[in-house]
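A, B, ... follow the sequence lines: proteins, then strands. Residue 1 opens every chain. Bear in mind the structure is a predicted one, so any value in this text is a computation, not a measurement. Quick note: numbers below take in every heavy atom, side chains included, and nothing from hydrogens, waters or symmetry partners.
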Amino acid sequence: MIDLRRLRTEPDAVRAALARRGIDLGALDRIVELDRRQRAVATERDEVRNRIKAISADVGRLHKEGRKDEAGALQAESRALGEQEHALDADADALAADLRAELLVVPNLPADDCPDGASEHDNVVVAVHGYDPDAYADHQRVPHWDIGAELGILDLERGAKLSGSMFVLYRGAGAALVRALVQLALDRNADAFEEVRPPTLVSTQTMISTGHLPKFVDEAYHLERDDLWAIPTAEVPLTSLARDEILDATHLPQRFMAHTSCFRREAGSAGRDTRGLLRVHEFDKVEILAYATPEQAAEVHADLLRRAVGVIADLGLAHRILDLCTGDIGNSSARTFDIEVYAPGADRWLEVSSVSWFSDYQARRANIRYRPAGGKGTEVVHTLNGSALAVPRVWAAIVETYRRPDGKVTVPEVLRPYLGGRELLTAGPSR
RNA sequence: GGAACGGUGGCAGAGCGGACGAAUGCAGCCGCCUUGAAAGCGGCCGUGUCUUCGGGCACCGGGGGUUCGAAUCCCCCCCGUUCCGCCA
């Protein structure tokens with residue numbers, strides 16, 4: 001949620017920032033007007049309440065003194081005020097609900113240094129590592145879905161049989177590779193992040209806090225009977241960890257990581273990237289997340305990015321870093337860096353991590369604050385997060401990059417300890 | 001799923017229709033005392049919102065109701081603990 005007070009006091013600045021996203025600003029006018037009316041009605045209601053309270057105190061005193069007649073007259077007056085108060089209160093509530101509904105779908109203000117742009121084509125490539133299109137041999141130009149089937153480590157047909165298309169079944173060394181990647185990502189961040197194993201089904205409020213609802217309902221799996229949502233990323237439960245809490249500034253930044261399944265309906269991308277592991281409904285991911293003060297945010301953001309890039313680099317995958325433009329960053333984000341790996345078989349750049357700084361946008365929705373050291377009152381914290389490692393696309397890039405002329409796939413050095421020393425990915429028993 | 005008991009400030013825990021935003025204790029902050037510290041003593045010590053900056057209003061799990069007046073009474077819901085049932 002954007003800061004209503006800021007919209008009130010610096011409407012032009014807010015407007016200018018949101019305009020950089022290239023969105024319609026009509027909602028802002030409605031919000032300003034709803035806010036004005038809501039406060040006017042609430043003030044009026046509070047004044048009536050004030051009078052009721054004063055009268056009640058008098059009534060109590062008069063009763064004690066036995067002046068029943070005078071008390072009775074006041075009670076009648078208060079009764080009438082009560083009806084007024086009720087009506088005003090209902091109006092104020094209705095206006096507040098409308099205001100909130102409008103406010104919840106307004107995206108975050110992009111950071112000042114977020115590059116301007118209209119779409120993904122305007123994203124800025126910050127760095128490219130290990131990519132040379134001419135360096136790949138023919139044996140690496142085979143897509144992972146073919147390699148996976150050939151080696152018996154990926155069974156897309158049976159995944160589809162069980163759950164439908166875009167659901168995946170890994171087998172043998174392929175399944176072990178999933179586990180190895182998860183373990184690697186967790187181990188690499190265990191120095192600074194507390195591991196959490198959260199629920200993957202969460203309440204509506206939890207989904208609203210990160211900004212995944214109400215705007216992106218169609219993207220999420222919903223269990224109607226129990227009114228629970230399958231998380232699209234561990235960012236959702238991890239952000240709500242501190243919901244409605246006031247953190248101590250001396251404990252910031254606070255960092256958490258979690259390995260979970262992630263569920264996405266991919267409703268808007270039907271027919272796109274349907275092959276192999278490019279886009280799937282359910283996948284494993286290790287997420288890293290931090291709560292920070294505004295002053296710490298930039299450094300924490302850089303650290304998250306360093307960590308996410310580090311795993312990819314150590315896996316020996318060609319990759320690049322993108323600074324997403326104002327037209328492409330997510331709704332809740334103020335600044336986002338994407339990491340893409342190059343998959344030589346599919347001959348495509350695949351997004352494997354999105355490292356975002358949400359400023360106070362999510363924290364305001366989730367009501368997460370902190371007490372500044374030595375200062376008075378509370379401030380809204382900043383939240384940041386990124387994928388430490390998202391399995392399917394990394395799995396795909398590894399299999400394509402490390403394919404040998406004989407068709408077998410070499411296990412990257414850093415993963416071998418997690419695969420019992422195994423050097424090749426093959427079908428059959430895992431060891 | 002059934003039953004019982006609970007849900008009050010950072011924590012513990014009173015209050016069960018009238019001056020209660022709420023006793024008391026602990027923790028925390030400031031001061032006194034002290035060479036320093038502890039103990040002791042005195043004071044401060046929730047959040048949000050609006051404000052004409054005087055103050056107003058809201059919040060005792062959530063929602064509704066009764067009343068001139070609700071933390072306190074009534075109804076519905078949610079959550080927790082324990083026991084029983086079922087079960088990986």
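Straight-line distance from the CD atom of A:E77 to the P atom of B:G69: 12 Å, rounded to whole Å. Taking atom CG on A:L88 and atom P on B:C50, their separation rounds to 18 Å, with Å as the unit. Counting to the nearest Å, the P atom of B:U47 and the CG atom of A:D248 are 13 Å from each other. Per the geometry, CE belonging to A:M1 stands 14 Å off P belonging to B:G48, to the nearest Å. Taking atom CG of A:D89 as the reference point, atom C1' of B:U49 lies 14 Å away to the nearest angstrom. Rounded to whole angstrom, the span from the NE2 atom of A:H251 across to the P atom of B:G28 amounts to 13 Å. Atom-to-atom, CD of A:Q205 to C1' of B:G61 comes out at 15 Å; the value is rounded to the nearest Å. In this structure, the CG atom of A:D35 is 11 Å from the C1' atom of B:U49, given to the nearest Å.
Within residues 60-72 of chain A, the residues that have a heavy atom under 4.0 Å from RNA chain B are, in order of number, A:G60, A:K64. Against RNA chain B, the stretch residues 41-50 of chain A makes heavy-atom approaches under 4.0 Å through A:T43, A:D46, A:R49, A:N50.
Here A:R371 does not reach the OP1 or OP2 of B:G28: none of its side-chain N or O atoms lies under 4.0 Å away. Taking side-chain N and O atoms only, A:R8 has a distance below 4.0 Å to OP1 or OP2 of B:C50.
A:E219 and A:R265 are not joined by a salt bridge, as no carboxylate oxygen comes within less than 4.0 angstrom of a charged side-chain nitrogen. Taking 4.0 Å as the cut-off between side-chain N and carboxylate O, A:R416 and A:E413 count as a salt-bridged pair. Ionic pairing of A:R371 and A:D248 is not present here: no N-O contact between side-chain nitrogen and carboxylate oxygen is shorter than 4.0 angstrom. Between A:D360 and A:R369 there is no salt bridge, since no side-chain nitrogen of the basic residue lies less than 4.0 Å from a carboxylate oxygen of the acidic one. A salt bridge links A:R307 with A:D191: at least one charged nitrogen is closer than 4.0 Å to a carboxylate oxygen. A salt bridge is defined here as a Lys NZ or Arg NE, NH1 or NH2 lying under 4.0 Å from an Asp or Glu carboxylate O, and A:R49 with A:D89 meets this definition. The residues A:D155 and A:R158 are annotated as salt-bridged, a charged nitrogen and a carboxylate oxygen being separated by less than 4.0 angstrom. Contact check on A:D12 versus A:R15 returns no salt bridge, with no Lys/Arg side-chain nitrogen under 4.0 Å from an Asp/Glu carboxylate oxygen.
With both pairing distances under 3.5 Å, B:U81 is matched to B:A4 as a Watson-Crick or G-U wobble pair. Pair check for B:U47 finds B:A58; Watson-Crick or G-U wobble, both atom distances under 3.5 Å. Across all strands shown, B:G42 pairs with B:C30; the Watson-Crick or G-U wobble distances both stay below 3.5 Å.
Across A:N108, A:N385, A:T383, a single residue satisfies side chain to side chain donor-acceptor pair (under 3.5 Å) together with A:Q362, and that is A:T383.
Closest heavy-atom contact between A:R100 and A:Q205: NH2-OE1, 4.4 Å. Between A:L104 and A:R365, the closest heavy-atom pair is O-NH1, 3.0 Å.
Contacts of A:S78 with the nucleic acid, taken as non-hydrogen atoms under 4.0 Å apart, involve only primed sugar atoms and P, OP1 or OP2. Looking at heavy-atom distances under 4.0 Å, A:R51 makes no contact with the nucleic acid at all.
Nucleotides B:C74 and B:C20 place their P atoms 24 Å apart, quoted to the nearest Å. A distance of about 14 Å separates the C1' atoms of B:G7 and B:A12, rounded to the whole Å. Taking atom P in both B:A23 and B:C60, one finds a spacing of 16 Å when rounded to whole Å. Of the C1' atoms belonging to B:C86 and B:G13, the separation is 37 Å, rounded to the nearest Å. Nucleotides B:G56 and B:G2 are separated by 48 Å at their P atoms, to the nearest Å. Look at the C1' atom in both B:G25 and B:G48: the space between them is 27 Å, to the nearest Å. Rounded to whole Å, the separation between the C1' atoms of B:C32 and B:C50 comes to 40 Å. On the C1' atoms, B:G65 is 29 Å away from B:U81, given to the nearest whole Å.
In B:G55 the base sits anti relative to the sugar, since the glycosidic angle is further than 90° from 0.
Each of A:R369 and A:R39 was assigned the nucleotide of RNA chain B with the nearest heavy atom; the assignment lying further toward the 5' end belongs to A:R369. When the nearest nucleotides of RNA chain B are assigned to A:Q75 and A:A57 by heavy-atom distance, the more 5′-ward of the two goes with A:A57.
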Could you please spell out the steps behind the side chain to side chain donor-acceptor pair (under 3.5 Å) verdict for A:Y370 and A:H251? CA-CA 10 Å; A:Y370 71 97; A:H251 296 153; over 6 Å; no
May I have the step-by-step check of side chain to side chain contact (heavy atoms under 4.5 Å, CB included) for A:K285 and A:T260, ending in yes or no? CA-CA 6 Å; A:K285 180 161 67 69; A:T260 66; 5.5 Å; no
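Comparing B:G65, B:C68, B:U47 by their nearest atom to the side chain of A:H86 picks out B:G65. Of the candidates B:U49, B:G69, B:G48, the closest approach to any side-chain atom of A:T378 belongs to B:G48.
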Distances under 3.5 Å between nitrogen or oxygen atoms of protein and nucleotides 20-22 of chain B:
none

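Ring geometry for A:F256 versus A:Y291: interplanar angle over 60°, hence perpendicular rather than tilted (30 to 60°).
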